[in-house]
K.L.:
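Structure incoming, see below.
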Amino acid sequence: MTKAPETSAAAIENKPRDFIREIIADDVASGRHDEIVTRFPPEPNGYLHIGHGKSMCLNFGAAAEFQGRCHLRFDDTNPTKEEQEFINAIEADVRWLGFNWGKHRYFASDNFEQLYAWAEHLIIEAKAYVDDLSADQIRVYRGTLTEPGKDSPHRNRSVDENLDLFRRMRAGKFEDGARVLRAKIDMASGNINLRDPVLYRIMRAHHPRTGDAWCIYPTYDYAHGQSDAIEGVTHSLCTLEFEDHRPLYDWLIENLPTPSRPRQYEFSRLNLSYTVLSKRRLTQLVKDGHVSGWDDPRMPTLAGLRRRGLPAAALRDFASRIGVTKNDSVVDMALLDHCVRDNLNKLAPRRMAVLDPLKVVIENYPEGESEELEAVNNPECDADGTRMVPFGRELWIERADFMEEPPKKFFRLTPGREVRLRYAYYVTCIDVIKDARGNVTELRCNYDPATKGGNSPDGRKVKGTLHWVSAAHAVGAEVRLYENLFTAEMPGAESGDMLDDINSCSLDVLANCQLEPALGKTAIGETVQFERQGYFAADPDSTPERPVFNRTIGLRDTWAKVQKKGG
RNA sequence: UGGGGCGUAGCCAAGUGGCCUAAGGCACCGGUUUUUGGUACCGGCAUUCGGAGGUUCGAAUCCUCCCGCCCCAGCCA
C-alpha cells in the first residue's frame, strides 16, 4: 500500500504533473543539465510542518522522477534564531516522511569562507560597499514602495577603503550593527530588493555549527543562491514571496564567479483550513502554552501529525493530490482527512474498544464462564488473518449504542430489540437498570447461543451491529480525542488575532475507556482502527499498565449526519 | 501611488485556439452491497472559465481595457 508504484509509474510515463516538472522536463529535453539537482532548504529555527512536507514532496519527488538528487541544506545564516535541537528534529522529520538525502547534507555555513571571498570579489569589482548608516537610517534612505530611495553617503567609497573596512568587520573591530556590507545595485529600483540590499551584518552570536569563528554573517539573499551554485543545484524551488528576490538572486549569480548557474522557480505555499502554517504563529502556540509542544497531536507539524498517528504515506498522497501551482489557495482540511482515512482503511488492524462504557449483563450466559471468539483483523486485507477475542457474561458496550426511547432510524440497542455483538452473538435487551436520578447504569440482555460468530441459522436479520469488550478481560485506558485547533477556516482572518478563533474544545480526554486485551500490547506510534469509531495511535505517554491512545481521525459517520438533520 | 504575482464549481486542480455544450479529486446529495450507520460500487453536481469588448469559420486558451485578491519598504528566511 505504499505510494512508490504510483511515483515510478509517473516517472516512466514522464508526464509532468505541474508547471515545475514541466520546466524540468523541458530542461532535460534540451540537455541543459547533466543531472537534475534540487534542494530542501529549511532554516533550523523551528519544527517542520505539513507545508514543508509539500515542499519536500516536490523537491525530493521531482528529483527522483528525473533520476536526479535532492540535497538537504540547512539555511543557517542567522545564529540568533537557530538551534541544534531544530537541526536534529528536522532530520528526523525528513526521514520519517520517507526522504533520503544520502550523503548530500549541507549547511549554508559550510560556505562561509567562500561567501566571504566572493564578497571581497564584489568589493573589488566596485559592486559592493561598506555602509556606516544605522539600521534606522538605511530604512529611511531606502525610500518607500512608491518613492525611490536615496544613495547612502558611503556608497562611493574607494575599493581600498571598502576592503579595509570589510576586513575589519570580519576581524571584530566594530560593534554589532555598526556597519553592513551592501550590494551596489540601484536605489531607485521599483523592486525594493534591488535598492542596495544588505549582504553581511555584524552579529556576535554563537552559531550551532561554526561556534564563535565569525562575527559577521551573510544574509539569506547573499547566501542562498551562492550555496545553490556551490552545490550544483539546477532548480532552486521556493515559495511565492521570494518571487521578487529573483532579480537579486540572478544579479548575484551573474556578478560572481560561481561554479554553476542555478535558477529559482516559485510556487505557492500551502494553506490548510482550520489551522495555521506560519512558523511565527506555530512558535507562538508553543511558547504561550496553547499546545503541549511542537509535537502536540493538534499541531500541523510533522512531529505533531506523526504523534497523532497520521501515516507518512497519507501525507505524500495528500501532497500529490493538492498539486503545485502559483495560485493563492486554502486547501480543505477534509482532503487531508480523506487521505488519512484512505490509507488507514487499507492498513490499520481492527480492534474493539469502548470509549464511554455501559455495563451489559447477559442473563442467560453461565456465570464465571468465558470463551474466545474469532475476529477478523482487517476485512480489507485477508493476509492480516484473525485473532481471538474473549467473551463473557459481563460486557461493556458504548453508551451511545443504547437508547431507551429511540428515534425513527436508530438501529442500535433499545428495550426489547435484538442486535448483533460483532463476531459474537445476537442479544436482546430485556431490562434497563437505572440509578436514583434515572441514569441508565446497566442493561440486562439475553443471548441466542445458536448465533455464535454473529450469524443466525434461521436467517433472521438484525439492523445493528455493536462493538463490545468483555468486562473481565478489558484493559483500562486513556483516550484523547482531538478536534481542529481553531474554529475558523482561516484563524485570525476576522479579528487579526488567531487566538480569537482558538478552539477551546480541541482536546477531550476520556479516562475510563475499556479495550480488548490485544490492544494492551500496541506498539507506541502504531495506528489501529477501533471498530465503528475511528483510527487511534498509541501515544508515548502509554505505560505497560495503562495505554494512552490519540484519536487520529474518526470514521465517516453518516448516522451523526442523519441525527443532525433530524433535529 | 512603484515593483512582482494570481484569478476555471463550496475547496484543490487539469486545460498550452477546434475531439471543451470544461478532466480528476475532496466536499455535498441520492441509490446498491455490507457482521464496522466504515469500506466498495453506481448516479447527480460549471452551456461556463473574474468582467467587458475585440481578433478568428472557431477562444478558458490570442489582443485591449477594466475589476478583484496576494506579496514586497528586516542588518528574518
Side-chain angles (χ1 to χ4, degrees), chain A residues 17-18 22 41-43 45 75 77-78 80-82 131 133-135 138-140 142-149 176-182 188-195 197-203 216-217 219-221 223-224 238-247 266 268 273 279-280 320-339 341-342 345-346 350 352 375-376 379-380 409-412 420-424 426 451 453-455 461-467 489 529-534 554-563:
Chain A
R17 291 165 13 242
D18 54 66
E22 213 163 90
E43 183 191 12
N45 68 343
D75 235 328
T77 57
N78 186 354
T80 63
K81 294 186 176 175
E82 295 150 9
D131 199 349
L133 256 29
S134 69
I138 286 181
R139 178 160 23 81
V140 173
R142 186 157 33 227
T144 69
L145 293 178
T146 53
E147 296 161 311
D176 283 18
R179 282 178 230 261
V180 292
L181 182 74
R182 292 229 255 170
S189 173
N191 183 344
I192 289 178
N193 295 297
L194 262 21
R195 318 240 264 229
V198 171
L199 267 24
Y200 269 93
R201 68 280 214 201
I202 303 170
M203 197 186 262
I216 59 172
Y217 290 94
T219 56
Y220 162 85
D221 283 311
H224 198 95
C238 63
T239 43
L240 251 28
E241 65 271 26
F242 293 103
E243 211 154 14
D244 44 21
H245 289 237
R246 187 169 5 114
E266 311 85 14
S268 51
S273 59
K279 217 177 268 186
R280 200 205 100 236
S320 81
R321 291 192 199 223
I322 59 176
V324 177
T325 70
K326 299 184 75 153
N327 301 340
D328 282 323
S329 61
V330 181
V331 177
D332 195 336
M333 182 67 92
L335 179 60
L336 211 211
D337 291 347
H338 174 265
C339 294
R341 288 194 186 103
D342 192 45
N345 173 54
K346 291 169 189 144
R350 271 58 169 174
M352 291 197 285
V376 173
E380 306 291 323
K409 290 187 176 165
F410 187 83
F411 302 148
R412 283 111 95 145
R420 171 168 42 231
L421 294 180
R422 185 150 224 229
Y423 300 126
Y426 284 12
T451 59
N455 288 303
K461 302 285 183 197
V462 289
K463 289 279 264 181
T465 299
L466 274 46
H467 62 276
E489 279 191 39
Q529 185 193 98
F530 289 178
E531 294 230 22
R532 301 208 303 137
Q533 308 198 90
L555 254 26
R556 284 188 64 209
D557 189 354
T558 46
W559 166 236
K561 268 182 205 167
V562 170
Q563 275 181 309

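Each chain gets a letter, A, B and so on, in the order its sequence line appears, and its residues count up from 1.
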K.L.:
Using a 4.0 Å heavy-atom cut-off across all strands, classify A:Arg142 as base, sugar-phosphate, or nothing.
P.N.:
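Sugar-phosphate contact only.
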K.L.:
Atom CG of A:Asn45 to atom C1' of B:G74: distance rounded to whole Å?
P.N.:
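Rounding to the nearest Å, CG of A:Asn45 and C1' of B:G74 are 14 Å apart.
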K.L.:
Is the backbone of A:Thr325 close enough, under 3.5 Å, to the side chain of A:Ser268 for a donor and an acceptor to pair up by distance?
P.N.:
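Yes, A:Ser268 side chain to A:Thr325 backbone: donor-acceptor pair under 3.5 Å.
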K.L.:
Is a side-chain donor or acceptor of A:Ser189 paired with a backbone partner of A:Asn191 at a separation under 3.5 angstrom?
P.N.:
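At least one qualifying donor-acceptor pair exists.
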K.L.:
Between B:A27 atom P and A:Leu336 atom CG, what is the distance in whole Å?
P.N.:
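Rounding to the nearest Å, CG of A:Leu336 and P of B:A27 are 12 Å apart.
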K.L.:
Check side chain to side chain contact (heavy atoms under 4.5 Å, CB included) between A:Arg179 and all other residues, then give those that pass, not counting sequence neighbours.
P.N.:
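Checked A:Arg179 against side chain to side chain contact (heavy atoms under 4.5 Å, CB included); matches are A:Val130, A:Asp132, A:Arg157, A:Leu165, A:Met169, A:Phe174, A:Ile202.
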K.L.:
Kindly label the base of B:G43 as syn or anti, based on whether its glycosidic torsion lies within 90° of 0.
P.N.:
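This nucleotide is in anti.
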K.L.:
For A:Asn345, report the nucleic acid contact type (base, sugar-phosphate, nothing); a contact means any heavy atom under 4.0 Å.
P.N.:
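Base: the residue A:Asn345, judged by heavy atoms under 4.0 Å, touches a nucleobase.
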K.L.:
Rounding to a whole Å, what distance do you find between A:Arg341:CZ and B:U36:C1'?
P.N.:
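For the pair A:Arg341 CZ and B:U36 C1', the rounded distance is 14 Å.
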K.L.:
Tell me: CG of A:Asn193 to P of B:C75, nearest whole Å?
P.N.:
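From A:Asn193 CG to B:C75 P: 10 Å.
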K.L.:
Report the distance from atom CG of A:Asp221 to atom C1' of B:A77, rounded to the nearest whole Å.
P.N.:
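Value for this atom pair: 9 Å.
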K.L.:
Quick one: on RNA chain B, does A:Lys561 or A:Ile322 contact a more 5' nucleotide (nearest heavy atom)?
P.N.:
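Final value for this comparison: A:Ile322.
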K.L.:
Once you apply a heavy-atom cut-off of 4.0 Å, does A:Arg350 come out as touching a base, just sugar-phosphate, or nothing?
P.N.:
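Contact class for A:Arg350: base.
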K.L.:
For A:Asp176 and B:G74, give me the distance from atom CG to atom C1', rounded to whole Å.
P.N.:
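A:Asp176 atom CG is separated from B:G74 atom C1' by 16 Å.
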K.L.:
Out of B:G74, B:G25, B:C76, which nucleotide sits closest to the side chain of A:Leu335?
P.N.:
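It is B:G25.
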K.L.:
When you check the side-chain N and O atoms of A:Arg420 and A:Thr465, is any donor under 3.5 Å from an acceptor?
P.N.:
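Result is yes, a qualifying pair exists.
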K.L.:
Listed by chain and number, what are the side chain to side chain contact (heavy atoms under 4.5 Å, CB included) partners of A:Val324, not counting sequence neighbours?
P.N.:
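Once residues adjacent in sequence are excluded, the partners of A:Val324 under the side chain to side chain contact (heavy atoms under 4.5 Å, CB included) criterion are A:Asp18, A:Phe19, A:Ile20, A:Leu58, A:Phe267.
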K.L.:
Select base, sugar-phosphate, or nothing to describe what A:Ala334 touches, counting heavy atoms under 4.0 Å on all strands.
P.N.:
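Counting heavy atoms under 4.0 Å across all strands, the contact made by A:Ala334 is with sugar-phosphate only.
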K.L.:
Using the side-chain heavy atoms of A:Lys81, tell me which of these nucleotides is nearest: B:G38, B:A77, B:C76.
P.N.:
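In terms of side-chain proximity for A:Lys81, the closest of B:G38, B:A77, B:C76 is B:C76.
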K.L.:
Base, sugar-phosphate, or nothing for A:His224, non-hydrogen atoms under 4.0 angstrom?
P.N.:
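It contacts nothing in the nucleic acid.
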K.L.:
Choosing from B:A77, B:A27, B:C28, which nucleotide comes nearest the side chain of A:Asp75?
P.N.:
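Closest of the options to the side chain of A:Asp75: B:A77.
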K.L.:
Measure from the side chain of A:Arg321, starting at C-beta and using heavy atoms only, and say which of B:U36, B:C26, B:G37 lies closest.
P.N.:
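From the listed options, B:C26 comes nearest.
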K.L.:
Indicate, with a heavy-atom threshold strictly under 4.0 Å, whether A:Phe242 touches base, sugar-phosphate, or nothing.
P.N.:
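Base: the residue A:Phe242, judged by heavy atoms under 4.0 Å, touches a nucleobase.
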K.L.:
Does A:Arg139 reach a base, just sugar-phosphate, or nothing at all? Heavy atoms under 4.0 Å.
P.N.:
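If one applies the 4.0 Å heavy-atom cut-off, A:Arg139 turns out to touch the sugar-phosphate alone, with no base involved.
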K.L.:
Which letter, B, S or -, goes with each nucleotide of nucleotides 4-11 of chain B from 5' to 3', with contact meaning a protein heavy atom under 4.0 Å?
P.N.:
SSSS---S
K.L.:
To the nearest angstrom, how far is A:Tyr200 atom OH from B:G74 atom C1'?
P.N.:
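After rounding, the reported distance stands at 18 Å.
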K.L.:
Looking only at side-chain N and O atoms, does A:Thr77 come under 4.0 Å of OP1 or OP2 in B:A77?
P.N.:
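Yes, A:Thr77 has a side-chain N/O under 4.0 Å of OP1/OP2 on B:A77.
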K.L.:
Measuring only the P atom in each nucleotide, how far is B:C65 from B:G4? A whole number of Å is fine.
P.N.:
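Looking at atom P only, B:C65 and B:G4 are 15 Å apart.
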K.L.:
By the 4.0 Å heavy-atom rule, please label A:Pro247 as base, sugar-phosphate, or nothing.
P.N.:
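The residue A:Pro247 makes no contact with any strand.
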K.L.:
Return the nearest nucleotide to the side chain of A:Leu145; candidates are B:C72, B:C71, B:C26.
P.N.:
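My answer, after comparing the listed nucleotides, is B:C72.
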K.L.:
Is it the case that B:U36 (base atoms only) and A:Gln529 (side chain only) share a donor and an acceptor within less than 3.5 Å, ignoring hydrogens and angles?
P.N.:
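Counting by modelled atom types and ignoring angles, a donor-acceptor contact under 3.5 Å is found here.
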K.L.:
Need to verify one output field. Residue with the more 5' nearest nucleotide on RNA chain B, A:Thr144 or A:Lys461?
P.N.:
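Between the two, 5'-proximity favours A:Lys461.
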K.L.:
Tell me what A:Phe530 touches on the nucleic acid: a base, only sugar-phosphate, or nothing, going by heavy atoms under 4.0 Å.
P.N.:
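No contact at all - A:Phe530 keeps every heavy atom at 4.0 Å or more from the nucleic acid.
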K.L.:
Can you tell me how far NZ of A:Lys409 sits from CD of A:Gln563, rounded to the nearest 0.5 angstrom?
P.N.:
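Reported to 0.5 Å precision, the distance equals 12.0 Å.
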K.L.:
Would you confirm whether A:Arg350, through its side chain, and A:Arg532, through its main-chain N or O, come within 3.5 Å as a donor-acceptor pair?
P.N.:
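No; zero donor-acceptor contacts below 3.5 Å.
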K.L.:
At 4.0 Å (heavy atoms only), tell me whether A:Leu133 reaches a base, stays on the sugar-phosphate, or touches nothing.
P.N.:
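The residue A:Leu133 makes base contact.
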K.L.:
Among B:C28, B:A13, B:G15, which nucleotide sits nearest the side chain of A:Arg556?
P.N.:
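The closest nucleotide is B:C28.
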